[in-house]
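Below: one structure, written as structure tokens.
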Number of protein chains: 2
Amino acid sequence: MARRSEHKRSELTTMAIKAAERIVANDGLEQMSARRIAKEIGYAPGTLYNLFEDLDELALRVNARTLDALLRAFEEVPPCDTPRDALHALADSYLSFTSDNRRLWDALLTFRRNKPAPPPQWYLAHLGKLVGHVAEILTRFRPTLSEAERAYRARLIWASIHGISSVANAGSVARSLVTPVDRMVHDLVDIHCNSLEGR
Amino acid sequence: MARRSEHKRSELTTMAIKAAERIVANDGLEQMSARRIAKEIGYAPGTLYNLFEDLDELALRVNARTLDALLRAFEEVPPCDTPRDALHALADSYLSFTSDNRRLWDALLTFRRNKPAPPPQWYLAHLGKLVGHVAEILTRFRPTLSEAERAYRARLIWASIHGISSVANAGSVARSLVTPVDRMVHDLVDIHCNSLEGR
DNA sequence: ATACGAATTGAACAACGTTCAATATCAAGG
DNA sequence: CCTTGATATTGAACGTTGTTCAATTCGTAT
């Protein structure tokens, strides 16, 4: 049976992605199975393989939407008077996003391709934008900093905060070591700011 | 067939753990399957369930050995003149351990119990010792710091470095953002030291 | 109306963790 | 030495999983 009239291919694709996203958000990445997605959109499992290469690709698409949402949250952070406040605002936005979307964020952190492959370029582009928000603030701290140094510094800040938050969010080893997360991130941002302000 | 004469239960247990460790170290956690472990030790899959509750328990035992090894590496770090050097030495030891034992460390970071359960107490004890090494150095930076504050500060340092290194080591999202890891960790340690030294 | 291409299906395959009745072996008691 | 009871071990089986693919069905163009 071919029901090409009910939905066009593109519709079907987004239906599948949204169903997968719903499953991940509610029950976690490990519950996102081909059969369950298929059931939720009313198609057979095999159909998914006409839309996507893998389940991996589908998971990547879900993660892409999550990254997009975080990026949108960043763009809605109101401007601040001081760069220090701006960094704190960004970090707060980050933290509240990851706690509001715990399972989706967890999926982003824990997802692994089955066959090792380099991350898609749009993935890296998204990350670049995220770090770009930090880098932009750095120009206010130190306008004379070279482009490369600013980018590096932004990555350093981003990675250290992302690291703490990921350890806290993941159900992994060291969760108990990063409590309270909020204060730890706040203090870490302060330390970075102090370091940027000259000394 | 019951071959109780060939190996006693405890021997069999360590045989299984070591086989599992070998598999993880060579081919990664995802290759550690009951059937493969059983084949490597020359027993049937079912036997493993006489020794361990789950495969999860077996994975935990493997991770325990990895944590032990890291702890031993920490204890072999030679003493340093300044606390700053001591922190750097600790961080270097951490980094070289995680890169020398990439897959084992990765297993530690990515492992998830199937049925959610609180981490065993010895797990937390191990982590406590790791952070204890940092805390000890902090007394040299600021002898007057209260016990609680010192512990918190140690966790902050440890978690931020662990975070960066885990993001770098994991095949996850943000790997490209944490290059070069060595320099990032070094700089981060320096920033923490600066912050501790007063400013 | 017919034929062709493509979408869809669902059964099938291999692999996984886990269970459990059946079996083989050991240790002890008569 | 044989019997008995307890326990270790097995391997087939179950229910999952991702993925494939021949068969089927539909839309569209001729």
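Here is how names work: the chains are called A, B, and so on, in the same order as the sequence lines, proteins then strands, and each is numbered from 1.
As rounded to whole Å, 10 Å separates atom P of D/dT9 from atom NE2 of B/H7. Rounded to a whole Å, the CZ atom of B/R36 is 14 Å from the C1' atom of C/dC16. Put simply, CG on B/L55 is 11 Å from P on C/dT19, counting in whole angstrom units. Here C/dT9 presents its P atom at 14 Å from NZ of A/K39, a figure rounded to the nearest Å. Nucleotide C/dC20 holds its C1' atom 16 Å from the CG atom of B/L48, rounded to whole Å. Here the C1' atom of nucleotide C/dA15 and the CG atom of A/N114 are 12 Å apart, to the nearest Å. Distance, B/N50 CG to D/dA6 C1': 13 Å, rounded to whole Å. Counting to the nearest Å, the C1' atom of D/dG18 and the CZ atom of A/R112 are 19 Å from each other.
Distances from the side chain of A/Y43 to the nucleotides D/dT9, D/dG18, C/dT9 place C/dT9 closest. Nearest nucleotide to the B/T47 side chain, out of D/dT9, D/dG18, C/dT9: D/dT9.
Here the side chains of B/E21 and B/R61 are not in contact, with every heavy-atom distance at 4.5 Å or above.
If you check every strand for non-hydrogen atoms under 4.0 Å, A/D54 touches sugar and phosphate atoms only. Heavy atoms of A/S33 sit under 4.0 angstrom from primed sugar atoms or phosphate atoms, though from no base atom. Using a 4.0 Å heavy-atom distance criterion, A/L51 is classed as making no nucleic acid contact. No engagement by B/I37 is indicated, since no non-hydrogen atom pair under 4.0 Å with the nucleic acid exists.
Ion pairing of B/R84 with B/D190 is present here, as a side-chain N (NZ or NE/NH1/NH2) and a carboxylate O approach within less than 4.0 Å. Ion pair A/E149/A/R153 not flagged as a salt bridge, since none of the NZ, NE, NH1 or NH2 atoms sits closer than 4.0 Å to an Asp/Glu carboxylate oxygen.
Between B/H133 and B/F74, the ring planes are perpendicular. Angles over 60° get that label, and only those under 30° would be called parallel.
Positionally, the nearest nucleotide of DNA chain C for A/R9 lies more toward the 5' end than for the other of B/R35 and A/R9.
Note that B/R183 lies in the cation-pi zone of A/Y152, set by a 6.0 Å cut-off to the ring centre and a 45° limit from the axis.
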